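Below is one structure, written out as structure tokens; the observations come after it.
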Protein chains: 2
Amino acid sequence: MKCTRCRAKAEVQLRAHNAGFCRPCYLFYFRRQVERAIAGERMFTPGERLLVAVSGGKDSLALWDVLADLGYDTTGLYLGLGIGAYSEQSHTKVAQFAQRRGLALRVVAFEEEAAGLAVPAVAAATRRPPCSACGTMKRHHFDAAAIDGGFDVLVTGHNLDDEAARLMGNVLRWQKDHLARQRPVLLPTHPRFVRKVKPLYLVSEYETAVYAFMRGIDYIVDECPNAAGAAQLLYKDVLNRLEVASPGTKLAFVKEFLRTGQPAFAQTEREAPRDCEGCGMPSYGPLCAYCRLVREVQSKASAGASALA
Amino acid sequence: MKCTRCRAKAEVQLRAHNAGFCRPCYLFYFRRQVERAIAGERMFTPGERLLVAVSGGKDSLALWDVLADLGYDTTGLYLGLGIGAYSEQSHTKVAQFAQRRGLALRVVAFEEEAAGLAVPAVAAATRRPPCSACGTMKRHHFDAAAIDGGFDVLVTGHNLDDEAARLMGNVLRWQKDHLARQRPVLLPTHPRFVRKVKPLYLVSEYETAVYAFMRGIDYIVDECPNAAGAAQLLYKDVLNRLEVASPGTKLAFVKEFLRTGQPAFAQTEREAPRDCEGCGMPSYGPLCAYCRLVREVQSKASAGASALA
């Protein structure tokens with residue numbers, strides 16, 4: 001196969017796009033896909049300060065790499081979830097990437113916020129699935145770090161496979177409120193929210209992996225140990241089967257949803273949040289989900305302490 | 001496991017319903033599922049004349065069996081598609097079922113309507129996928145037989161797996177007009193349409209297979225030879241994987257769609273059809289899809305004849 005752009009020998013084939021690229025043209029193509037998403041969805045402008053959520057995986061590091069190359073004002077945000085060796089390795093990958101590229105990085109370690117707040121400890125204390133507890137905590141710290149650091153935009157590395165899997169889950173249960181909010185750009189609904197954007201939402205997992213490989217980005221390959229068996233992985237697997245049978249399925253599923261499907265659900269968006277009485281961040285009840293979680297952990301801890309006393 | 005209804009030893013386990021049944025209670029359960037769908041969706045009343053589309057497969061014969069037992073006024077309609085041994089065997093199964101049960105059966109053989117109208121011949125002449133040509137022809141003959149025979153309702157054996165697979169296909173491409181019309185009851189939009197209903201829409205393929213087995217119904221087990229590789233089978237397979245991981249997925253997907261998802265698309269229904277200039281049946285253009293197909297076959301045939309002359 002020849003490169004769709006320059007007719008040299010192609011190194012990557014993208015069946016969903018009916019295209020192939022040599023290495024230089026692939027890097028050009030990938031960056032242009034990101035630029036197009038940013039411009040097409042009016043995600044942000046060069047003057048704005050971007051906080052890029054980085055996990056140490058290929059998607060977020062590839063995204064940070066592109067954004068830095070494009071000259072955007074970026075700062076990385078790494079959340080230390082406290083999931084043993086997985087967290088240690090991912091922290092190392094992120095720190096090395098930032099150092100080599102001379103990029104600013106902020107780190108928030110859950111277990112340093114308060115005792116017992118590492119994800120496994122929270123999951124155990126509250127008997128919640130780890131992914132549920134982790135999601136609540138991540139959302140809080142993303143939002144808090146963005147507003148406290150004076151950033152204009154929070155940027156995440158969600159790719160096409162993530163978005164298609166999430167859409168599949170929302171559609172299988174017809175969760176109207178989730179369908180109404182699944183967008184590549186979420187505008188703030190509260191003074192302490194910043195704009196949230198996903199510049200990789202039309203770029204597949206395979207495409208970011210190829211980009212990261214070609215750019216020599218050293219990322220953590222392992223999935224989070226808690227993710228095994230998670231519904232998202234099953235949805236991704238199922239979508240990959242559909243994609244093999246009919247290339248372009250994932251792209252059409254997400255793009256047509258945004259163009260045709262979602263407008264039907266737009267009216268079901270939930271009301272604007274108020275201020276959490278605990279932390280002041282946006283909340284849909286008196287206490288935000290994060291503060292409720294932290295208090296649950298702390299009440300279990302003090303109950304345990306008095307039982308021991 | 002014990003029978004959910006009578007505590008005897010269960011012979012069937014239905015994970016989606018978190019239930020199990022002995023043989024007598026399963027037959028009771030299955031009939032009641034059909035009765036509930038008929039009553040809940042106001043499909044038809046005992047005084048109405050039902051035309052039941054029967055293919056010789058388990059679903060349509062199980063449905064006919066239940067409707068006859070419930071005392072409804074039913075006539076079977078078998079369409080002879082002209083697909084070799086598959087059609088011969090399925091015709092035999094239907095004819096034997098009707099004879100043993102003393103039920104009225106109408107038969108329309110495509111190849112007897114006009115030369116060259118067996119499905120394989122039509123597919124070859126028009127270079128269409130066989131399932132596409134077959135679908136157009138079946139819809140025409142279902143509608144025509146129902147109105148010409150003075151029936152009130154056309155009843156089809158589409159089951160939960162059929163509906164979930166169709167919904168998956170419609171959702172993957174966000175086909176709004178298809179989503180707007182995918183219902184267990186379609187009211188007529190033209191004087192030559194009758195009401196169309198699917199009393200098995202919440203009953204799984206497995207459930208109808210068990211019912212047919214317990215009732216000793218002799219049905220054709222083979223899939224249509226043209227169906228291999230069809231997208232519907234892939235969607236069914238994928239949905240079965242999701243069902244195994246989370247029993248009840250298919251039921252929730254279809255039920256929640258009808259309750260929550262579909263109202264969002266209701267406004268996109270297409271305009272009422274007019275009269276086809278060829279056959280007088282409802283049509284969305286000057287000629288209906290069936291008449292266009294037949295004319296294409298006939299023009300190819302006469303072109304072939306003049307080439308030979």
Side-chain angles (χ1 to χ4, degrees), chain A residues 16 129 131 160-161 163-183 227-270, chain B residues 16 129 131 160-161 163-183 227-270:
Chain A
C131 298
L160 176 62
D161 295 66
E163 293 302 298
R166 189 174 161 192
L167 183 55
M168 181 63 78
N170 288 339
V171 152
L172 283 172
R173 282 170 211 82
W174 292 96
Q175 290 173 301
K176 268 166 57 162
D177 51 337
H178 293 194
L179 289 166
R181 274 178 292 131
Q182 189 177 344
R183 296 198 202 111
Q232 293 296 310
L233 292 186
L234 175 61
Y235 300 150
K236 282 188 180 180
D237 207 42
V238 150
L239 283 158
N240 283 337
R241 273 198 63 199
L242 298 172
E243 181 76 21
V244 167
S246 178
T249 295
K250 285 186 272 197
L251 200 57
F253 183 41
V254 170
K255 274 179 94 166
E256 275 306 299
F257 165 67
L258 293 170
R259 198 179 69 85
T260 312
Q262 189 171 59
F265 299 102
Q267 68 280 12
T268 59
E269 266 195 279
R270 62 178 168 179
Chain B
C131 298
L160 176 63
D161 294 65
E163 293 302 298
R166 190 174 161 192
L167 183 55
M168 180 63 79
N170 289 339
V171 151
L172 283 172
R173 281 169 211 82
W174 292 95
Q175 290 174 301
K176 267 164 62 162
D177 51 338
H178 292 194
L179 289 166
R181 274 178 291 132
Q182 189 178 345
R183 295 198 202 113
Q232 293 296 312
L233 292 185
L234 176 61
Y235 299 150
K236 282 189 180 180
D237 207 42
V238 150
L239 283 158
N240 282 337
R241 273 199 65 199
L242 298 171
E243 181 77 21
V244 167
S246 179
T249 295
K250 286 188 271 196
L251 199 58
F253 183 41
V254 170
K255 275 179 94 164
E256 275 306 299
F257 166 67
L258 293 170
R259 198 179 68 84
T260 312
Q262 189 172 59
F265 299 102
Q267 68 280 12
T268 59
E269 266 194 279
R270 62 177 167 179

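Here the structure is a predicted model, which means the values were calculated and not measured. The chains referred to below are lettered A, B, ... by the order of the sequence lines, with proteins before strands, and numbering in each begins at 1.
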Residue pair B/A264 / A/F265: nearest heavy atoms and the distance that separates them: CB-CE2, 3.9 Å
Residues in residues 165-173 of chain B that sit under 4.5 Å from chain A, counting heavy atoms only: B/L167, B/M168, B/V171, B/L172, B/R173
Please tabulate, one pair per line, all N/O donor-acceptor pairs under 3.5 Å involving side-chain atoms of residues 246-254 of chain A, not counting sequence neighbours.
| residue | atom | partner | partner atom | Å |
| --- | --- | --- | --- | --- |
| A/T249 | OG1 | A/S246 | O | 2.5 |
| A/K250 | NZ | A/D161 | OD2 | 2.7 |
| A/K250 | NZ | A/N240 | OD1 | 2.5 |

Which residues share a ring-ring contact (aromatic ring centres under 6.0 Å, His included) with B/Y235, sequence neighbours left out: none
Contacts of type side-chain hydrogen bond (donor to acceptor under 3.5 Å, both in side chains), residue B/E256, not counting sequence neighbours: B/R259, B/T260
